[in-house]
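Protein chains get the first letters and strands the later ones, always in sequence-line order, with residue 1 at the start of each.
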Amino acid sequence: MKKAELRLTGSGGQGVILATIILAEAAFFDKKKVVQSQSYGPEARGGMCKAEVVIDDNPITYTKVATPNFLLALTQASFNKFHETVTDDAVVMVDHTVQVPEEYRKSHNVVMIPILETASVVIGNPMSANIVAVGAINEALGLCTVESLEKSVTGRIPKGTEELNIRALHAGMALVKASVGH
Amino acid sequence: MADRFALLQGNEACVEGAITAGMRFYSGYPITPSTEIAEGSAVRLPQVGGKFVQMEDEIGGIAAAIGASVVGVKSMTATSGPGFSLKQENIGYAAIAEIPVVVVDVQRSGPSTGLPTSPSQGDVMQARWGTHGDHPVIAISPCSVQDTYYQTIRCFNLAEKYRTPVILLMDEIVGHMREGIELVPEEELPEEFKIVNRDNNMVDGKPYACAKGEYVPHQPPFGTGTRYNITGLYSNEYGFPTNDNDIANAKATRLMEKIEKNLDDILDYEEENLDDATVAIVCYGGTTRAVMEAVAQLRNQGVKAGMFRPVTVWPFPEQRLKEIAKKVKTVLVVEHNYGQLVEEVEKVVKGAAKVEFLGKWDGTTITPAQIINKVKEVSKNAK
Amino acid sequence: MPSKLVEKTFRMENLPHIWCPGCGHGILMRDVAQAIENCNLDPEKVVIVSGIGCSSRAAGYMNFNTLHTAHGRAIAFATGIKMANPELTVIVITGDGDCTAIGGNHLIHACRRNIDITVVVFNNNIYGMTGGQYSPTTPTGEKGTTAPYGNIDNVFDITGLAQAAGATYTARGTAYHATQTIKLIENGIKNKGFSLIEGVSVCPTYYGRKNKKGSVVKMMNWQKDNAIDVKKAANMDEKELKGKLIIGEFYNNPSTTGEYTERYDEIIKKLGGDK
């Protein structure tokens with residue numbers, strides 16, 4: 001596979017760090033080399049949050065992502081801050097509430113899907129948005145086996161929420177399948 | 001318990017390494033970005049019959065850890081910059097009283113509260129000279145999650161063997177990133193990381209006496225049948241305080257010599273592509289991985305760059321760097337501070353090569369591209 | 001000839017001690033040794049931890065496992081010792097400055113945990129080792145080298161502070177009342193929890209001279225004439241108690257929540273960590 005350098009961004013509390021951990025762990029289960037990292041401010045909730053994961057077949061030297069070939073932006077603020085720094089062929093995934101300039105859409109591979117709405121309306125819990133995103137990202141990039149993803153999700157989320165989160169994962173996959181189908 | 005293969009943070013790997021090394025006591029105070037080490041120790045220690053205590057402050061954190069070590073229990077405390085400053089007096093205590101203890105400093109941006117969640121390597125000189133007075137110190141800087149697991153074990157081994165505080169000099173980058181690692185069990189550890197336990201057979205029946213040609217005393221743990229005194233004052237071979245300058249001189253010199261005379265055993269460093277290099281890039285801890293990437297890319301572009309990474313930052317691998325400096329044109333030091341280890345490098349290189357510096361102190365990290373540009377720039381200067 | 005107690009419990013080769021003639025610390029140190037003896041403890045299993053200051057030199061003279069630590073930190077070191085090996089009897093010898101100024105935070109938190117440590121504070125109302133600066137127990141209005149115009153600080157009530165913070169045994173004795181003080185320390189050691197015994201000392205060299213307290217004999221006589229047992233004091237009013245020194249056992253109430261190391265051992269057992 002091509003070295004994947006993912007940057008996931010959003011608002012603190014949306015669980016983008018956990019999303020990168022799950023992606024990294026699932027890829028690790030699939031015997032890939034992975035590095036996951038994050039940066040955040042002092043706020044536990046509401047601040048800008050950025051988390052990254054590098055996935056490769058070969059040992060990874062530099063642990064951070066300089067120019068990502070995948071960007072997730074769950075909020076307008078995070079899109080505004082991070083959308084310029086991506087590779088030319090990057091997949092840019094945004095929640096459908098985010099305003100993306102027409103020009104940017106033409107020059108970039110933008111996947112616009114209702115992640116937050118799917119979590120709150122379809123799954124019934126806005127807290128599951130990060131897991132919806134994980135499903136969507138994996139469907140778009142084909143990083144890990146679904147089996148490994150499910151294993152990582154169930155190991156990392158609170159006990160008793162397994163069923164809900166597995167549904168969220170598959171709902172995320174379906175969002176991308178549907179959008180690619182268009 | 002963690003699986004043998006697991007995706008762990010550097011901080012979590014530190015806890016697992018410590019448990020494998022035999023840590024059975026942890027005391028500390030919460031501080032970002034080291035908190036996961038306290039949290040992990042609180043979870044893991046009672047599972048293996050060990051103890052965790054959250055102390056009232058940073059000073060209490062190291063004091064209790066030294067206390068536990070006095071009764072023979074391998075112990076550790078962890079902190080970050082502000083707490084590292086507070087612990088300094090007792091690092092000196094452990095050094096003069098010759099009590100093994102592992103002190104983890106997950107460096108963050110400073111001074112003072114600085115940028116608490118941002119990476120830095122601003123404590124590298126504090127690790128060497130933070131406590132007052134001449135004193136021995138060993139400080140090891142890991143560069144990956146797997147390395148953190150192994151180097152934590154090595155810290156305990158060196159602390160036990162040399163009866164001195166050993167600092168695991170981590171940074172926010174390594175502490176907070178996650179990588180897949182193998183938690184190699186004790187019985188399968190590579191030779192260089194085999195578990196060391198302190199030798200408690202006293203020399204001549206005196207707790208602080210050393211065998212001829214050796215520099216480490218064998219004082220037994222409290223409660224095991226030898227009643228003696230431990231103090232932070234200069235003291236005689238029974239541990240009793242003295243104002244005798246000859247005794248003080250002998251002890252002060254021995255404390256330094258126990259490191260200096262055992263460099264072959266203590267020193268560790270990593271080299272890459274140095275054989276034909278014209279530029280040697282010196283890095284440690286959190287800058288290492290960016291340098292590795294830069295060296296790989298530079299080599300692809302035909303630039304003869306190599307990497308020299310002190311694993312033991314203190315004692316500094318002087319002799320090896322001297323040899324390297326003779327063969328290259330430029331030594332470039334890359335570190336996340338305003339220029340600290342570079343001064344040690346200058347002292348060692350002494351004009352044998354041009355010493356250049358690339359640093360960052362704004363809480364962001366140095367990228368491979370910045371290193372590549374700097375190498376190209378300094379290569380031009382060297383011509 | 002030294003007494004049998006001194007021969008048995010002190011490091012004869014390290015005596016005489018460094019304290020000034022007339023200092024109350026020697027008496028208090030002997031009280032601690034006698035209390036240990038009265039408890040029939042195996043000296044191999046007794047650890048004495050001290051900090052820095054005049055009081056803290058006591059550890060080096062006593063023939064037990066002795067740890068002379070950093071200024072203010074004795075109780076924190078002792079916490080690690082007790083946690084790591086609860087079968088040891090851990091006694092801290094400290095001073096008023098060591099224990100309640102620089103080490104005050106460790107004191108109150110060890111009280112709060114009710115960890116089985118016995119702290120004996122040699123209170124001489126002054127920083128003696130550094131030459132007579134005022135301490136948290138120098139009476140308001142009196143002088144020290146750093147309170148040349150009279151001390152304007154209010155004083156700490158050490159036993160009251162310990163009790164409020166959660167100590168399960170508190171008491172006060174004096175250098176003069178050796179027999180009573182030995183018993184108080186003995187009871188403190190026997191308490192399965194945090195115990196604090198304040199031993200009011202005398203410092204003729206600094207505190208006494210600076211405040212014109214007269215000879216050592218006069219200072220000791222003051223303790224004799226002004227100490228009131230806590231039981232007797234209960235029937236006296238504020239006016240009668242003014243200027244008096246209340247001594248005796250103030251609080252002896254094994255905690256309902258249990259001792260700290262025992263509570264931690266319960267966690268270990270629950271997790272199967274003891275196997």
Which pair of heavy atoms, one from [X] and one from [Y], lies closest together, and at what distance?
| X | Y | result |
| --- | --- | --- |
| C:A76 | B:G60 | CB-CA, 3.8 Å |
| B:F25 | C:M83 | CE1-CB, 3.5 Å |
| C:I268 | B:P46 | CG2-O, 3.8 Å |
| B:N90 | C:A70 | OD1-CB, 3.5 Å |

Proximity breakdown for [X] and chain C, heavy-atom pairs closer than 4.5 Å:
| X | value |
| --- | --- |
| B:S235 | neither |
| B:L233 | side chain |
| B:E89 | side chain |

Nearest 0.5 angstrom please: [X] [atom1] to [Y] [atom2], how far?
| X | Y | atom1 | atom2 | answer |
| --- | --- | --- | --- | --- |
| B:T242 | C:N14 | OG1 | CG | 10.5 Å |
| C:E13 | B:F240 | CD | CZ | 8.0 Å |
| B:D57 | C:H109 | CG | NE2 | 7.5 Å |
| B:I59 | C:I102 | CD1 | CD1 | 7.0 Å |
| C:F77 | B:I62 | CZ | CD1 | 7.5 Å |

Got a sec: does the OH of B:Y29 have more than 12 other heavy atoms crowding it under 6.0 Å? no

C:K190 atom NZ, neighbour heavy-atom count above 12 within 6.0 Å: yes

Should [X] and [Y] count as side-chain neighbours, where that means a heavy-atom distance under 4.5 Å?
| X | Y | answer |
| --- | --- | --- |
| C:R73 | B:I66 | no |
| C:R113 | B:E56 | yes |
| B:F222 | C:N85 | no |
| C:L67 | B:V70 | yes |

Check against side chain to side chain contact (heavy atoms under 4.5 Å, CB included), C:T79 and B:M55: CA-CA 9 Å; C:T79 298; B:M55 292 298 285; 4.0 Å; yes

Output yes when a side-chain donor or acceptor of [X] lies under 3.5 Å from a complementary backbone atom of [Y], and no otherwise.
| X | Y | value |
| --- | --- | --- |
| B:R227 | C:N63 | yes |
| C:Y264 | B:F52 | yes |
| B:K51 | C:A84 | no |

Pairs of heavy atoms under 4.5 Å with chain B: top-ranked of C:H71, C:K269, C:E44: C:E44

Is it the backbone or the side chain of C:D265 that comes under 4.5 Å from a heavy atom of chain B, or both, or neither? side chain

